[in-house]
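Every chain is numbered from 1 and lettered A, B, ... according to where its sequence line falls, protein lines coming before strand lines.
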2 protein chains.
Amino acid sequence: MRTSAPPALEDDVVRRLEESGFRTTPQRAHVYRTLLEKRDHPTAEDVFIRAKRTMPDISMATVYNCLDALVQSNLVRLVSHDRGATRYCPNMKRHHHFYCDRCGGAFDIDEGPSMSRPRLDIPDGFQPDRYEIVVRGLCPDCAARAVKLHA
Amino acid sequence: MRTSAPPALEDDVVRRLEESGFRTTPQRAHVYRTLLEKRDHPTAEDVFIRAKRTMPDISMATVYNCLDALVQSNLVRLVSHDRGATRYCPNMKRHHHFYCDRCGGAFDIDEGPSMSRPRLDIPDGFQPDRYEIVVRGLCPDCAARAVKLHA
DNA sequence: CTATATGCAAATAGTTTGCCTGTTA
DNA sequence: TAACAGGCAAACTATTTGCATATAG
């Protein structure tokens, strides 16, 4: 057993980026930290605005570059469920998503302890790597609003 | 029991559109028929090009309008899994999707007979309506190509 | 007859690219 | 110091909108 402190988040990021052939740059680390800060599935532009607060010279193109590098390094998931802008999610624990039909919001759904791996008949030749369950319907806010309209 | 022939596809389309408050127009029916013709998850532009072959005056804006009306009428599903253009799928039978990490292709996965509904802990307040399982990995073509590269 | 849909063109959002400079390993 | 990354602005792609005309109910 190692006696030193657990590796800092930073170390992990560096390692993952390097494993995928990316250099570690202040921008990439900063974009990642920005995502961790508020896990609300921000768009690239949201990330840009937030990242700019403490790194004013960062550019939109760099944000896209960083997000791509993080996605390819398996540090961030790309979330895209409607015609709107792509969203990004730094939660790499196995989890699922709920998408609201009305407001378009995306919400993480943790995997319950009793959850069994679904059995799907995936045709020959496909090489599945991972899966997620996508649930759609109304989020709490929109559901509450829908009830009001019917009152 | 009705003695006449089962309702034509058209009748069903008309009913669904009307139930959702849409008028039935030749363009909407045509876009729907175009989608049914080749179930390969085309983009709006693909649909536009195909639809134009037999309805040369149809416009891109109308294709978007029609696709929206069909989606809202539950005749078509919108499929969006990367930063590329949104794709459309007229298969409303319960089914799932496989997305290829390499080529970005989307494939329908039928639900096997032994499939049990997955149990998710959806927090209070959410009003789930439907779900789908999304599997990612390599499609047969890309998997075969990956093997070759390692040979 | 009237609300709604179409077609066109222009506008906007989202994302990518080229090019030159700066930085990482 | 060489290959890679950043910044900026322009290009591009996907989608939406405004408006005049046409059409479904």
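For B:R23, the side-chain atoms get nearest to D:dG25 when compared with the rest of D:dT15, D:dA14, D:dG25.
Following chains of ILVMFWY side-chain contacts shorter than 4.5 Å, one can reach B:L17 starting from B:L67, so the two form part of one hydrophobic cluster. Hydrophobic clustering of Ile, Leu, Val, Met, Phe, Trp and Tyr side chains at less than 4.5 Å, counting indirect connections, unites A:V31 with A:L75.
Not a single donor-acceptor contact under 3.5 angstrom links the side-chain atoms of A:R83 to the base of D:dA14.
Within residues 51-74 of chain A, the residues that place at least one heavy atom under 4.0 Å from DNA chain C are, in residue-number order, A:A61, A:Y64.
For A:H97 and A:H41, the ring centers sit closer than 6.0 Å to each other. Taking the six-membered ring for Trp and the full ring otherwise, A:F126 and B:F107 have centroids separated by under 6.0 Å.
An OP1 or OP2 oxygen of C:dG7 is reached within less than 4.0 angstrom by a side-chain nitrogen or oxygen of B:Q27. Look at A:T25 and you'll find a side-chain N or O under 4.0 angstrom from OP1 or OP2 of D:dG6. OP1 or OP2 of D:dA24 has not a single side-chain nitrogen or oxygen of B:R28 nearer than 4.0 Å.
Here A:T86 lies in heavy-atom contact (under 4.0 Å) with sugar-phosphate atoms only.
In the model, A:D46 has a side-chain atom that pairs as donor or acceptor with a side-chain atom of A:T43 under 3.5 Å.
Spacing between atom OH of A:Y88 and atom P of C:dG14 amounts to 11 Å, rounded to whole angstrom units. The distance between atom CG of A:L17 and atom C1' of C:dT24, rounded to the nearest whole Å, is 13 Å. Between B:F48 atom CZ and C:dT6 atom P there is a gap of 14 Å when expressed in whole angstrom units.
Side-chain contact check for B:V134 versus B:F98: every heavy-atom pair is 4.5 Å or farther apart.
Annotation: of the two residues near DNA chain D, B:E18 and B:T43, the 5′-most nearest-nucleotide partner is B:T43.
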